[in-house]
Engineer: 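Got a structure for you, questions after.
Both counts, for ligands and for their atoms, begin at 1 and track the order of listing. Start at 1 with the first residue, then count along the sequence.
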Amino acid sequence: MDRKNILVIGAGSGIGKALLEKLHAAPGINAIGISRRGISFESTFESGKNYRCDLNDRKSLADFCGDLTSSWSEIAAIYFLAGDGLFLPIEDLEIEDLEKHLFLNLISPMFLTSKLISMLRPGSLLCYLSSTAGRQGFPESSPYCASKHGLAGFAKSIREELKPRGIRVSTIYAGAIDTSIWDGREGFDRKDMIPAEDAAIFLASLFFQPATFNQDEILFLPPKGVL
Ligand SMILES: NC(=O)c1ccc[n+]([C@@H]2O[C@H](COP(=O)([O-])OP(=O)(O)OC[C@H]3O[C@@H](n4cnc5c(N)ncnc54)[C@H](OP(=O)(O)O)[C@@H]3O)[C@@H](O)[C@H]2O)c1
């Protein structure tokens with residue numbers, strides 16, 4: 001039986017890295033990742049490996065789409081996990097930082113969805129990782145809240161658009177997960193956060209749900225709630 005191809009976007013660290021490891025270890029799965037610190041693509045994609053693609057670089061994005069479409073005929077799941085934080089008082093916002101942030105967190109998943117959607121068959125999965133910041137506001141987080149609300153809005157629209165094609169689409173509003181996105185942020189106890197490996201267990205399980213079952217929107221939080 002052919003193995004199922006899964007793409008993890010943002011597999012260089014944190015949740016994406018943990019998810020790629022988990023999926024690669026599952027029987028029947030051929031999982032690869034992409035991020036800036038990945039290895040360069042030679043002629044074939046090898047399961048468990050994270051390949052280089054800078055989602056803020058249009059050429060890098062286009063090159064990756066070309067390599068993938070010429071190597072794989074189908075994709076069983078895409079996890080959209082790449083992203084960064086832009087946390088600051090609104091008066092400190094610089095347009096270059098905002099453009100980069102929105103391109104990574106919002107434009108690149110929209111572009112990749114558009115370019116790769118023709119490779120998904122009925123029963124396959126698109127999983128978009130938004131955040132609690134994609135459903136409520138937090139101070140000094142307005143660019144991040146805007147990008148994560150935007151991603152959730154995009155995912156919900158894609159869910160409606162793809163219903164006739166039987167493609168599953170999940171929007172995830174995740175609470176605090178202990179990764180480097182929290183580095184340098186005061187006032188949060190990392191011990192209160194979900195370990196990245198635990199978040200990966202949950203995200204992987206979405207793919208293994210029956211194809212007759214779509215988890216449209218999911219909120220998950222650490223036991224202490226929204227931190
Ligand atoms: N941690 C949380 O509490 C939490 C909660 C809700 C949602 N999220 C979301 O989870 C996602 C992953 O974040 P994380 O918490 O796991 O933090 P992280 O460890 O900083 O992960 C960020 C990921 O994005 C990749 N990335 C960053 N810039 C990139 C670029 N220009 N091109 C390609 N890949 C890029 C990174 O890999 P490279 O550095 O190799 O490029 C890394 O794999 C983000 O979308 C974040 O908003 C996190």
Engineer: Side chains of F202 and L19: does their closest heavy-atom pair fall under 4.5 Å?
Structural biologist: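 When only atoms from C-beta onward are counted, L19 and F202 do not touch, as no gap falls below 4.5 Å.
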
Engineer: Looking at atom 15 (O) of ligand 1, what's its closest protein heavy atom, distance included?
Structural biologist: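 Going by distance alone, atom 15 (O) of ligand 1 is nearest to T179 OG1, 2.5 Å.
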
Engineer: Measure the distance from atom 19 (O) of ligand 1 to every protein heavy atom, then report the residue, atom name and distance (to 0.1 Å) of the closest one.
Structural biologist: S13 OG, 2.7 Å

Engineer: Give the residue and atom name of whichever protein heavy atom lies nearest to atom 48 (C) of ligand 1, and the separation in Å to one decimal.
Structural biologist: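 Ranked first by proximity to atom 48 (C) of ligand 1 is I15 CD1, 3.8 Å.
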
Engineer: For A196, which part has a heavy atom under 4.0 Å from ligand 1: side chain, backbone, both, or neither?
Structural biologist: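 None of A196 does.
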
Engineer: Measure from atom 32 (N) of ligand 1 to every heavy atom in I34, N56, I9, L55 and give the option owning the shortest one.
Structural biologist: L55

Engineer: Can you check which of G83, G16, G85, S35 brings a heavy atom nearest to atom 24 (O) of ligand 1?
Structural biologist: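 Answer by nearest heavy atom: G83.
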
Engineer: Mind checking whether D84 has a heavy atom under 4.0 Å from ligand 1?
Structural biologist: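 The answer is no: ligand 1 sits nowhere under 4.0 Å from a heavy atom of D84.
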
Engineer: What pair of heavy atoms forms the shortest contact from D178 to M193, and how long is it?
Structural biologist: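 Looking at all heavy atoms of both residues, the shortest contact is N-CB, 3.6 Å.
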
Engineer: Could you tell me whether S108 approaches ligand 1 through its side chain, its backbone, both or neither, with non-hydrogen atoms closer than 4.0 Å?
Structural biologist: neither

Engineer: Under 4.0 Å from any heavy atom of A176, which atoms of ligand 1 are there?
Structural biologist: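 Near A176, meaning under 4.0 Å from one of its heavy atoms, ligand 1 has 3 (O).
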
Engineer: Can you sort out which atoms of ligand 1 are near G12, meaning under 4.0 Å from one of its heavy atoms?
Structural biologist: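 Checking each atom against G12, I get 37 (O), 40 (O), 43 (O).
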
Engineer: For ligand 1, which atoms have a heavy atom of A11 less than 4.0 angstrom away?
Structural biologist: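 This gives 43 (O) as the contact atoms.
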
Engineer: Just jot down the ligand 1 atoms closer than 4.0 angstrom to any heavy atom of S180, in number order.
Structural biologist: 18 (P), 19 (O), 20 (O)

Engineer: Using 30° and 60° as the class limits, which term best fits the ring planes of Y51 and F41: parallel, tilted or perpendicular?
Structural biologist: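 Aromatic pair Y51/F41 classed perpendicular.
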
Engineer: Applying a strict 4.0 Å limit to heavy atoms, is W182 in contact with ligand 1?
Structural biologist: yes

Engineer: Write down the atom of I158, the atom of Y128, and the distance for their closest heavy-atom approach.
Structural biologist: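 Heavy atoms of I158 and Y128 come nearest at CG2-OH, 4.1 Å.
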
Engineer: Find all atoms of ligand 1 within a distance of less than 4.0 Å from any non-hydrogen atom belonging to C53, and give their numbers and elements.
Structural biologist: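 Once the distances to C53 are compared, the set is 32 (N), 33 (C).
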
Engineer: Checking contacts here: is it the side chain or the backbone of A133 that comes within 4.0 Å of ligand 1, counting heavy atoms only? Could be both or neither.
Structural biologist: neither

Engineer: I'd like to check which ligand 1 atoms, numbered from 1 as shown, lie under 4.0 Å from a non-hydrogen atom of S130.
Structural biologist: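 The list of qualifying atoms is 6 (C), 7 (C).
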
Engineer: Using a 4.0 Å heavy-atom cut-off, say whether D54 meets ligand 1 through its side chain, its backbone, both or neither.
Structural biologist: both

Engineer: Between S60 and D54, does the side chain to side chain donor-acceptor pair (under 3.5 Å) criterion hold? Intermediate values first, please.
Structural biologist: CA-CA 6 Å; S60 181; D54 183 347; over 6 Å; no

Engineer: Pick, from R52, R37, R36, K148, the option with the minimum heavy-atom distance to atom 30 (C) of ligand 1.
Structural biologist: R36

Engineer: When you measure from atom 47 (O) of ligand 1 to every protein heavy atom, which one gives the shortest distance, and what is it?
Structural biologist: Y144 OH, 2.6 Å

Engineer: Can you name the atoms of ligand 1, numbered from 1 with element, that are less than 4.0 Å from a heavy atom of G14?
Structural biologist: 16 (O), 19 (O)

Engineer: Got L162 and R159 here, is their nearest side-chain heavy-atom distance under 4.5 Å?
Structural biologist: no

